[in-house]
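Side chains included, hydrogens not; waters and symmetry mates left out as well; all remaining heavy atoms used. When a ligand or atom number is given, it counts from 1 through the structure's own listing order. From a predicted model like this one, the values you see are computed outputs, not experimental measurements.
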Amino acid sequence: MPYTSKTAALTAPRTFSLIERTIPMVAPDHVVVRIAATAVCHTDLGIYKGAYANLKYPVVMGHESTGVVEAAGDTVSHLKRGDPVIINPIISCGHCDMCQRDMQNLCRNAGLFGREVDGSLAELVHVAAKYAHPLPADIALDDATLIETLATVKHAQDRLGIKAGESVVVLGQGTTGLLHTQLAALAGANPVIAISRTRWKLDMATRMGAHHALDVSAEKALSEVMRLTGNHGADVVIDTAGGAATLQAAIDMIKPGGRLSPYAVSHECCTTFTTFPLYFKEISIIGSRALHPTDMAPSIDLVRAGKIDVKGFVSGTFPLGKTPEAFKAYEGNSNGVLRLVIDSRAS
Ligand SMILES: [Zn+2]
Ligand SMILES: [Zn+2]
């Protein structure tokens with residue numbers, strides 16, 4: 001029997017329709033997942049506000065998603081009914097040159113589960129089983145939604161190759177900034193310098209391993225970063241805030257031979273500075289996009305082992321039927337929220 005699933009569909013910017021959808025019988029290499037929790041992030045806020053030009057409505061958002069396997073297809077061997085899972089939302093085509101080179105996060109035809117492909121603001125989803133990763137039973141499914149974000153952060157830090165004893169500055173202490181701070185501290189970086197204008201986020205950063213938490217804008221942090229790094233500058237600067245002014249500040253505080261992660265997704269034109277410092281200090285700019293499928297299992301393990309703490313990021317929870325209210329609240333206070341969770345188990 002096919003399933004029916006209550007679904008929150010975005011039919012136009014800032015407009016939801018709560019509908020019943022039919023979920024097909026499980027395909028042999030797919031699973032049907034009964035969604036537990038979906039965390040809402042800035043990407044969702046952009047979709048909600050209509051910032052993506054080529055969206056095809058209705059859009060079912062939700063890409064930071066956990067749940068429990070309701071049915072597994074005949075050829076699925078790594079999951080069975082009842083298993084808790086997290087979904088890797090980076091959908092790749094499998095046949096382009098990037099996929100052929102095992103770089104699925106750079107797929108030429110990539111789509112995001114929850115934007116180009118229907119996501120998890122629903123009771124049930126039908127996804128290829130390769131995108132569903134088993135979770136340990138002892139991680140709460142709302143906190144576990146953070147593991148998707150952690151995997152993108154881990155992907156960036158693996159590319160940066162942070163070594164013990166290196167100095168790392170993390171600009172911005174929202175969800176991704178806090179996870180970057182934790183992961184850098186775990187890598188043995190010292191000092192890890194967290195920068196934010198929000199006191200409670202700095203307190204969280206300190207709890208999560210930052211050696212210094214500076215309540216100052218990135219543009220005004222240079223002298224303190226220089227002081228804390230013995231006037232050398234930082235080995236690594238990770239920009240989770242984005243924008244020209246922050247990027248300029250990042251370049252200024254990197255030591256010669258250092259690395260820059262422009263981690264934040266930003267479309268702002270940078271017209272106020274030249275590339276000269278990149279030449280003069282031989283700075284490496286290391287981009288990173290989304291996550292690779294192989295980032296998921298190690299990220300789950302980091303949380304399972306208690307090395308990365310994903311508790312305390314959920315600022316509020318709304319039942320699926322209150323999705324419009326959740327987005328309204330988020331838009332009204334996006335800086336005061338780390339993650340809102342939509343609970344598909346509640347109506
Ligand atoms: Zn997200
Ligand atoms: Zn591809």
- prompt: So, H292 and Q104: side-chain donor and acceptor under 3.5 Å apart, yes or no?
  reply: yes
query: When you check the gap from the basic side-chain N to the acidic O, do R207 and D203 get nearer than 4.0 Å?
result: no
query: Is H95 close enough that one of its N/O/S atoms sits under 2.8 Å from the Zn ion (ligand 2)?
result: no
task: Evaluate the ring planes of F276 and F280, with Trp represented by its six-membered ring, and classify them as parallel (under 30°), tilted (30 to 60°) or perpendicular (over 60°).
output: parallel
- prompt: Is the Zn ion (ligand 1) less than 2.8 Å from at least one N/O/S atom of H42?
  reply: no
Among the N, O or S atoms of E64, the one nearest the Zn ion (ligand 1): OE2
- prompt: Do D142 and D343 have side chains that get closer than 4.5 Å, going by heavy atoms?
  reply: no
Single hit among T38, T145, T66 for side chain to side chain donor-acceptor pair (under 3.5 Å) with S120: T38
message: What do you get for the angle at the Zn ion (ligand 1) between SG on C41 and NE2 on H63, to the nearest 10 degrees?
response: 110°
Rounded to 10 degrees, the angle SG of C93 makes with SG of C96 at the Zn ion (ligand 2): 110°
